[in-house]
Every structure is written in C-alpha cells, then in structure tokens.
*Asks:* 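Okay, here's the structure, questions in a sec.
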Amino acid sequence: MSEHRAASAPREGGPVESHSTTATGRGRRRSSAVTSSPRGKGVGTFSAWPLEAVDNYPAPARDTDPWVRLVREGIELYRTGRSESARQMWADDIVWSVAGDGPVSGQHIGADAIFGYHTRLSRLAGGEFRQRLLAIEGSGGPVVTAYLWTQARRGDVVLEIPTLVFFEVSRMRVRRVTEMPGDQAAWDRFWSD
C-alpha cells in the first residue's frame, strides 16, 4: 500500500478553526471542529487522495460531458499528488461533507481542510486506507457521481464498503463534494477510537 503525506509551507494567516453542526439520527446535534483555509491563500502543499483507478481511467475518449471531464481531471490531479493544480479547479470555499456521526464526519471547508481530511484518514489507519474509483457518471448537468470501493484496516478491524461521492460544479469549478459511505454504521464504528 502506498503511504501519503501532507506537508505545508509556513504561511501568513494559517488555518482557521471553525465549527460545524451535524444532525444525528436521534434528533440531537453535535458540534465538531473542522479546519478551513483563509479565502484566496494558497500554500505549497503536497497531498494526495489515496485513490486507485480502474484501468481505463482517467477518461474515455467519447466523454463529451464538460462537468465529467472537469471532475475527472481534478480527481486525477489530486490522486497523483498534484494538489496545488487540483486546488485551482476548486472554489476557494469548497466544502467536502462526509456523512455520519463518527470522528471523521462533518464538513471540511477549503482545500487545506480537505487535504487534512485525507491525511487524517491515512494516519488513523496507519497508512492502510485507500479507495478505488470504479466509475464516474454525469447527469448532463453540474452534478457528477463517483462510485468508489473503500478499504481500510486498523489493527484487526477491516472496513470494506462501497462509497458514493457527489461533486457539484458551479462556474466550472468544484464547489461542493458529498461523500456517503455505503454502510454508515460500519464507517462510523471503524473510525471511532
């Protein structure tokens, strides 16, 4: 398994801590800290999404949907460690929402927070977290769906579930990503300490 790291160059204004509120299945709300980057502040960051791709990826030649092409290109840049180029394809205030009640669920606002989210997953799983891109589908509009297979290991505990990821595009930049684990209870249990 490949290991990924994130390193940030020092910069003025550092990450901003904010809080999000997530509804739980029992009507309660919980508050969780998330990190966001100041608007418009780029940093020299190396980060990669631990994502493997099927053989015919990144894109079939017949793909004419501009939203699918944009999402495919952004995924390819991010998964291969070209995070700064991927950042340019995202809205400055991009939000990556992860469904659930577990410690990694909630909203990650800004590119730096998204990089931190994937780094945290890898760190918590001792480098044994990865996702496999199975397919990408467009709707002929600004929503693109990616179908993933998620695998992770923490000691003797193994997680193997399907995952849906929705990319919302506005003005040809990804502005929101929603990640939905196929077995929410297993996902939340796996990441809980």
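Values reported hereafter were calculated over all heavy atoms of this structure, with side chains retained and with hydrogens, waters and symmetry mates removed.
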*Asks:* Do Thr80 side-chain atoms and Leu77 backbone N/O form a donor-acceptor pair below 3.5 Å?
*Replies:* yes
*Asks:* Taking side chain as C-beta onward, heavy atoms only, is Val174 less than 4.5 Å from Glu168?
*Replies:* no
*Asks:* Hydrophobic clustering (ILVMFWY, side-chain heavy atoms < 4.5 Å, transitive) - are Val158 and Phe129 grouped together?
*Replies:* no
*Asks:* Does some side-chain heavy atom of Tyr147 sit less than 4.5 Å from a side-chain heavy atom of Pro162?
*Replies:* no
*Asks:* Before giving the answer on side-chain contact (heavy atoms from CB on, under 4.5 Å), spell out for Leu148 and Arg132 the whole-Å C-alpha distance, their side-chain angles and the decisive distance to 0.1 Å.
*Replies:* CA-CA 5 Å; Leu148 310 178; Arg132 182 170 176 80; over 6 Å; no
*Asks:* What are the two closest non-hydrogen atoms of Pro103 and Ser192, and how far apart are they?
*Replies:* CD-OG, 3.8 Å
*Asks:* In Å and rounded to the nearest 0.5 Å, what is the CG to CD distance from Asp92 to Gln88?
*Replies:* 8.5 Å
*Asks:* Could you check Arg72 against Ile136 for side-chain contact (heavy atoms from CB on, under 4.5 Å), going step by step and ending with a plain yes or no?
*Replies:* CA-CA 8 Å; Arg72 281 182 184 275; Ile136 295 180; 3.6 Å; yes
*Asks:* Can any side-chain N or O of Asp188 pair as donor or acceptor with the backbone N or O of Asp101 at less than 3.5 Å?
*Replies:* yes
*Asks:* Can you tell me how far the OG1 atom of Thr145 sits from the CZ atom of Phe167, to the nearest 0.5 Å?
*Replies:* 9.5 Å
*Asks:* At what distance, to the nearest 0.5 angstrom, does CZ of Arg120 lie from CH2 of Trp191?
*Replies:* 9.0 Å
*Asks:* With a 4.5 Å cut-off on side-chain heavy atoms, are Pro50 and His118 touching?
*Replies:* yes
*Asks:* Going through the checks in order, is the side-chain contact (heavy atoms from CB on, under 4.5 Å) test met by Trp49 and Ile114?
*Replies:* CA-CA 9 Å; Trp49 183 358; Ile114 294 167; over 6 Å; no
*Asks:* Between the side chains of Thr150 and Gln131, is a donor N or O closer than 3.5 angstrom to an acceptor N or O?
*Replies:* yes
*Asks:* Between Arg154 (side chain) and Phe190 (backbone), is there a donor-acceptor pair under 3.5 Å?
*Replies:* yes
*Asks:* Take Asp93 and Arg175 through the salt bridge (Lys or Arg N to Asp or Glu O under 4.0 Å) test and state the conclusion after the steps.
*Replies:* CA-CA 7 Å; Asp93 57 351; Arg175 80 173 175 84; over 6 Å; no
*Asks:* Answer yes or no: is there a donor N or O on one side and an acceptor on the other, between the side chain of Gln184 and the main chain of Ala99, under 3.5 Å?
*Replies:* yes
*Asks:* Less than 3.5 Å apart, any donor N or O on the side chain of Glu52 or Gln151 sitting next to an acceptor on the other?
*Replies:* no
*Asks:* Ignoring hydrogens and angles, state whether a donor on the side chain of Ser97 or Thr178 is under 3.5 Å from an acceptor on the partner side chain.
*Replies:* no
*Asks:* Can a donor-acceptor pair be found, under 3.5 Å and without considering hydrogens, that links the side chain of Arg79 to the backbone of Leu51?
*Replies:* yes
*Asks:* Rounded at 0.5 Å granularity, tell me how far OG1 in Thr163 sits from CD in Glu179.
*Replies:* 6.0 Å
*Asks:* Let's go through Met89 and Val71 carefully: what are the C-alpha distance in whole Å and the side-chain angles of both, what is the deciding distance for side-chain contact (heavy atoms from CB on, under 4.5 Å) to 0.1 Å, and is it a yes or a no?
*Replies:* CA-CA 9 Å; Met89 302 181 80; Val71 169; over 6 Å; no
*Asks:* Just wondering, do Ile161 and Trp187 contact through their side chains at under 4.5 Å, heavy atoms?
*Replies:* yes
*Asks:* Taking all non-hydrogen atoms of both residues, which atom of Ala125 and which atom of Ala152 are closest, and how far apart?
*Replies:* CB-CB, 4.5 Å
*Asks:* Report the relative orientation of the aromatic rings in Trp96 and Tyr117; use parallel for angles under 30°, tilted for 30 to 60°, perpendicular for over 60°.
*Replies:* tilted
*Asks:* If the condition is side chain to side chain contact (heavy atoms under 4.5 Å, CB included), which residues does Ser139 pass it with, not counting sequence neighbours?
*Replies:* Val143
*Asks:* Is the shortest side-chain heavy-atom distance between Val95 and Val177 below 4.5 Å?
*Replies:* no
*Asks:* Might you point out which heavy atoms bring Ile109 and Ala113 nearest each other, and give the distance in Å?
*Replies:* O-CB, 3.3 Å
*Asks:* Please report whether the ring centroid of Phe115 lies less than 6.0 Å from that of Trp90.
*Replies:* yes
*Asks:* Using atom types as modelled and distance alone, determine if a side-chain donor or acceptor of Asp65 lies under 3.5 Å from a backbone N or O of Gly138.
*Replies:* no
*Asks:* Could you check if a side-chain atom of Asp112 sits within less than 4.5 angstrom of a side-chain atom of Arg87, using non-hydrogen atoms only?
*Replies:* yes
*Asks:* Quick one: CD1 on Ile94 to OG on Ser170, what's the gap to the nearest 0.5 Å?
*Replies:* 11.5 Å
